[in-house]
Structure formats: C-alpha cells, structure tokens
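Remarks on the structure that follows.
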Amino acid sequence: MDTGNWSQVTEFIILGFPHLQGVQTFLFFLLLVVYLTTVFGNLLIFLVVRLDSRLHTPMYQFVSILSFLELGYTAATIPKMLANLLSEKKTISFSGCLLQIYFFHSLGATECYLLTAMAYDRYLAICKPLHYSTLMTPTLCTKIAVGCWLGGLAGPVAEISLVSRLPFCGPNRIQHIFCDFPPVLSLACTDTSTNVLVDFIINSCKILATFLLILSSYVQIICTVLRIPSAAGKRKAFSTCASHLTVVLVFYGSILFMYVRLKKSYSLDYDRALAVVYSVITPFLNPFIYSLRNKEIKMAMKRQLKRTWILG
C-alpha cells in the first residue's frame with residue numbers, strides 16, 4: 001500500500017444510533033435522567049457506607065468501592081454520549097478516543113476484579129465462618145482493593161499502545177455509541193489481525209478467568225448452603241449473595257458476548273444494544289440492587305437521614 005498518499009485521521013465521528021435520529025432529544029433527556037440517577041444512587045451508597053460505622057465490614061467496603069468505581073465508569077462514556085445526542089457534529093479527537101477507550105476498559109477490568117473479590121469474600125463468610133474475621137482482615141481487604149485498581153489500570157495499556165501505532169487514513173465514522181477497540185480497529189488502514197488477537201487473548205483471560213473464579217466461589221457457596229439444616233439459615237445465607245450475584249449475571253452476561261469473540265458475527269445494532277447494557281443499564285441498576293434488596297444499607301440510610309435532620 002502506498003503510504004505516501006495517506007492522510008492521517010485526527011478525529012472520529014461517533015454515529016451512535018443512526019436509525020433513531022428523529023428522537024435524539026427524547027433520548028438525551030432519558031439518558032440524562034438515567035445518568036443523574038446513576039450518579040446520585042452510587043454516590044449515596046458510597047457515602048452511607050463510609051459514614052456509618054456499622055457498615056465498616058469487608059462486604060460493605062467492597063460495595064462502596066464498587067459504587068465509587070461506577071461513577072468513573074459511567075463518566076468515561078455517558079457525558080460524551082449526551083453531548084453527541086444534541087450535536088450535529090458528533091466528533092471526538094483521536095487522542096480523546098484513545099483516552100475514552102483506556103478509561104472505559106481499565107475501569108471495566110477493575111470491576112471484573114472487584115466482583116471476583118466480592119465473591120471470594122462471600123465464600124469465606126459462608127464456607128469458613130469461624131475463620132472469616134482472621135482471614136478477611138481490614139488490611140487484606142485494603143490490599144485486595146488496591147490490587148483490583150492497579151490491575152485494572154494496567155490492563156489495557158498494551159492494547160492502547162498497539163492501537164496508537166496504527167495508521168488511520170480513510171473512513172473515520174465509528175459504528176458504535178462510544179469509542180471502543182472493535183469499531184476503531186475496523187477503520188485502520190492496515191492489517192489488524194495482531195490487534196484483534198491480542199484484544200481477544202487479554203479479554204478472554206480477564207473476563208473468563210474472573211467469571212470462572214466467581215462461578216467456582218458460588219458452586220462452593222451453594223454446596224455449603226445446601227448443607228445448612230434450617231430453611232431460615234439457608235435464606236439468610238443466600239440473601240447475602242443475591243445482590244452480588246444479580247450484578248454479576250447482568251454485567252458478565254453482556255460483556256462475554258461482546259468481547260470474547262475473534263470475529264464480528266453480530267449486527268451493529270446488536271453490539272450497540274449490548275453496549276447500552278454494560279455501560280449504562282448495569283451501573284444504573286447497581287444502587288437499586290444493593291439498596292432495595294439490602295436491609296442493612298436501608299437502615300443505614302434511615303440513620304443518616306435522621307442524623308442529618310436532627311443536626312439540621
């Protein structure tokens with residue numbers, strides 16, 4: 001290929017949902033309400049756990065970290081999506097696109113690791129209750145949380161480095177709702193089989209490994225719970241896992257189909273719909289799952305409201 005005729009692309013156009021052009025304003029307000037609710041809900045859970053000393057246990061510390069993580073995870077994509085819904089020129093710079101990909105994938109990887117850590121915490125609490133306090137110490141909890149963040153932030157560095165070296169000289173229209181590896185790679189003016197393979201290997205190791213670890217934890221949890229003689233004991237044990245398991249199923253159910261595949265075998269609309277699930281709907285549902293289904297968090301919220309009302 002003649003590299004002399006290449007004109008380097010400096011910005012991309014994010015097409016979003018081109019078939020819904022007539023309802024852009026409605027989608028903007030709908031997404032805005034969802035985003036504000038996501039921010040308020042996750043921020044509320046984070047603050048309640050931090051302010052209420054009764055929730056200073058490993059399980060709720062992980063919940064608060066997850067809520068804080070969701071704030072950054074949604075901030076990486078939704079504000080730009082909102083701006084594009086009202087703008088005729090739906091552009092993003094090349095460097096801005098790479099930054100969006102980096103933060104979206106690094107925070108997504110951090111969530112995978114954190115959900116795995118939460119499953120391990122529940123495994124220790126249910127399968128080894130007598131040793132739980134000595135095994136899951138505050139120090140270990142902090143180390144696990146730091147490890148999740150560091151592992152997540154380092155995760156997409158190799159992929160970003162490879163993409164940044166690719167030439168982009170022709171089409172600059174991203175067939176997606178935000179910048180992501182697959183739609184950006186499809187625009188490169190050279191063979192990207194190495195990038196696709198690296199992306200597949202990293203995502204497979206990251207997503208499948210954490211999912212299998214979570215699955216392994218729950219298999220052992222279920223086996224332990226089934227041996228509990230009383231029905232009330234079984235319900236109590238399962239109730240401590242229900243919220244986490246719900247989040248895992250929604251989150252992994254979408255990212256497994258999106259990222260653990262070598263070839264693009266689904267329609268663009270299918271990919272966009274999956275992207276909405278793991279980038280918008282899952283963070284939106286998390287506060288409701290962890291607050292409405294959790295008595296301790298609801299009681300902590302009531303205590304904080306009473307304290308605020310009394311002090312006010």
Side-chain angles (χ1 to χ4, degrees), residues 42 44-70 109-152 205-252 285-304:
N42 283 293
L44 180 62
I45 290 179
F46 174 77
L47 292 175
V48 165
V49 173
R50 293 296 168 180
L51 294 174
D52 196 306
S53 59
R54 301 184 194 184
L55 298 182
H56 289 178
T57 62
M59 182 178 77
Y60 291 111
Q61 292 300 317
F62 285 132
V63 168
S64 71
I65 295 170
L66 179 63
S67 295
F68 180 77
L69 172 65
E70 297 291 24
T110 303
E111 183 161 349
C112 288
Y113 303 143
L114 189 58
L115 290 173
T116 307
M118 295 170 76
Y120 176 66
D121 174 70
R122 290 301 84 206
Y123 159 75
L124 290 180
I126 295 174
C127 300
K128 300 180 182 295
L130 298 179
H131 303 286
Y132 177 72
S133 59
T134 56
L135 292 173
M136 185 57 73
T137 62
T139 301
L140 178 60
C141 182
T142 300
K143 288 180 178 179
I144 290 175
V146 171
C148 290
W149 279 97
L150 293 179
C205 293
K206 174 177 61 183
I207 297 172
L208 286 177
T210 54
F211 182 69
L212 290 175
L213 286 172
I214 293 172
L215 188 62
S216 174
S217 296
Y218 273 103
V219 167
Q220 296 179 73
I221 288 171
I222 291 171
C223 291
T224 300
V225 171
L226 291 177
R227 290 196 294 266
I228 298 175
S230 67
K234 291 179 180 179
R235 284 196 300 269
K236 183 178 179 180
F238 276 127
S239 67
T240 64
C241 304
S243 298
H244 175 259
L245 188 57
T246 303
V247 172
V248 167
L249 292 176
V250 175
F251 182 69
Y252 277 91
L285 292 177
N286 280 358
F288 296 98
I289 293 171
Y290 280 112
S291 61
L292 296 180
R293 295 178 57 89
N294 191 290
K295 293 181 179 179
E296 286 78 9
I297 289 183
K298 287 192 288 186
M299 291 175 63
M301 287 181 179
K302 291 179 181 178
R303 287 194 295 269
Q304 292 302 319

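Residues passing the side-chain contact (heavy atoms from CB on, under 4.5 Å) test with Ile222 are Leu226, Phe238, sequence neighbours excluded. Contacts of Tyr120 classified as ring pair (Phe, Tyr, Trp, His ring centres under 6.0 Å), with partners at least two apart in sequence or in another chain: none. Residues passing the side-chain hydrogen bond (donor to acceptor under 3.5 Å, both in side chains) test with Thr57: none are found, sequence neighbours excluded. The side-chain contact (heavy atoms from CB on, under 4.5 Å) search around Ala119 returns Ile214, Ser217, Tyr218, His244, not counting sequence neighbours. By the side-chain contact (heavy atoms from CB on, under 4.5 Å) test, Thr224 is found to be paired with Ile126, Cys127, Arg227, residues two or more places apart in sequence or in another chain being considered. Not counting sequence neighbours, the partners of Glu70 by the side-chain hydrogen bond (donor to acceptor under 3.5 Å, both in side chains) test are Asn286.
Defined by atom type and a distance below 3.5 Å, a donor-acceptor pair is missing between the side-chain atoms of Ser216 and Tyr123.
In this structure, the side chain of Ser243 does not engage the main chain of Tyr290 through any donor-acceptor pair within 3.5 Å. Between the side chain of His56 and the backbone N or O of Leu51, no donor-acceptor pair lies under 3.5 Å. Side-chain atoms of Thr137 do not come within 3.5 Å of backbone N or O of Thr134 as any donor-acceptor pair.
The salt bridge (Lys or Arg N to Asp or Glu O under 4.0 Å) pairs that include a residue from residues 120-141 number zero, where partners must be two or more places apart or lie in different chains.
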Which pairs would a plain distance check flag for residues 60-69, meaning a side-chain donor or acceptor within less than 3.5 Å of a matching protein atom at least two apart in sequence or in another chain?
from	atom 1	to	atom 2	distance (Å)
Tyr60	OH	Asn294	OD1	3.2
Tyr60	OH	Asn294	ND2	3.3
Tyr60	OH	Glu296	OE1	3.2
Gln61	OE1	Arg50	NH1	2.9
Ser64	OG	Arg50	NH2	3.2
Ser64	OG	Gln61	O	2.7
Ser67	OG	Val63	O	3.2

Result block: side-chain N/O donor-acceptor pairs under 3.5 angstrom for residues 139-148, not counting sequence neighbours:
from	atom 1	to	atom 2	distance (Å)
Thr142	OG1	Pro138	O	3.0

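Between the SG atom in Cys112 and the OH atom in Tyr252 there is a gap of 3.5 Å [rounded to 0.5 Å]. To the nearest 0.5 Å, the span separating OG1 on Thr110 from CG on Leu114 amounts to 8.5 Å. Annotation: the span from Ile221 atom CD1 to Leu215 atom CG amounts to 10.5 Å, rounded to 0.5 Å.
Checked options Asn42, Ile297, Leu44; the residue passing with Pro287 is Asn42 (criterion: side chain to side chain contact (heavy atoms under 4.5 Å, CB included)).
For the residue pair Arg54 and Asp52, the shortest heavy atom distance occurs at N-OD1, 2.9 Å.
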